[in-house]
Amino acid sequence: MAYDLGYLPVTTDRVEKMCTLVGGLATNYLIRFAYPDGQALWVGSAEEVNSCVTTTNGTVVSNSYVGPSITAAYRTGTWALLWTRRRRRPWPRRSDPPPARVLPPSVDQRVSGGAR
C-alpha cells in the first residue's frame, strides 16, 4: 500500500477539477503510516459516486482516484490495486520514477473508514 500510494502523481498546487453532481454515498478514509521511530504520516482520501476526490497527506495532493482500492483494503485487511474500465492506470509504471511522492516507505499501515 505504501509503495503504490507513494507513487501517485502529485502537485502542491491547488487542485481544481470538474465533477458531476451525481448524489450518493461517500466514505472518507484516513490512513496512518507508522514508522519505527514512532513518527506517523496520515493520508486522507475517500470513495464516492463521482470518483472525484483527491488523495492528500496535507502537503501534496494527487488527483488519482483510489477510493475503491482503499475501501477493499478496509473491508478485507489486504491491499490490492483495483482497476476499472473508467480508471485504467492513473499513475506511472513501477519502473517510472515519480516527480514527487505522497509518502515514503513505511512499516505499519492502518486504514480507518468513516461512517456511510
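These figures come from a predicted structure and were not determined experimentally.
- With hydrogens and angles disregarded, a donor-acceptor distance shorter than 3.5 Å links the side chain of S62 to the backbone of P9.
- Between the CG atom of D4 and the OG atom of S64 there is a distance of 11.5 Å, given to the nearest 0.5 Å.
- Closest of all the heavy-atom pairs between V66 and S45 is CG2-OG, 4.2 Å.
- Of all the heavy atoms in E47 and P68, the pair that sits closest is OE2-CA, 3.7 Å.
- Residue T56 comes nearest to T59 through the heavy atom pair OG1-N, 4.2 Å, listed as atom of the first residue, atom of the second, then distance.
- With values rounded to the nearest 0.5 angstrom, T55 atom OG1 is found 7.5 Å from I31 atom CD1.
- Between the SG atom of C52 and the OH atom of Y65 there is a distance of 9.5 Å, given to the nearest 0.5 Å.
- Here the shortest heavy-atom pairing between V49 and V22 reads CG1-O, 3.4 Å.
- Taking the side chain as every heavy atom from C-beta outward, N63 and T54 approach each other to under 4.5 Å.
- A pairwise comparison of heavy atoms in A34 and R32 identifies CB-NH1, 3.5 Å as the closest pair.
- When all heavy atoms of W79 and I70 are compared, the closest pair comes out as CZ3-N, 3.9 Å.
- Under the rule for a side-chain hydrogen bond (donor to acceptor under 3.5 Å, both in side chains), the partners of T20 that lie at least two apart in sequence or sit in another chain are N50.
- Between the OH atom in Y74 and the OG1 atom in T27 there is a gap of 9.0 Å [rounded to 0.5 Å].
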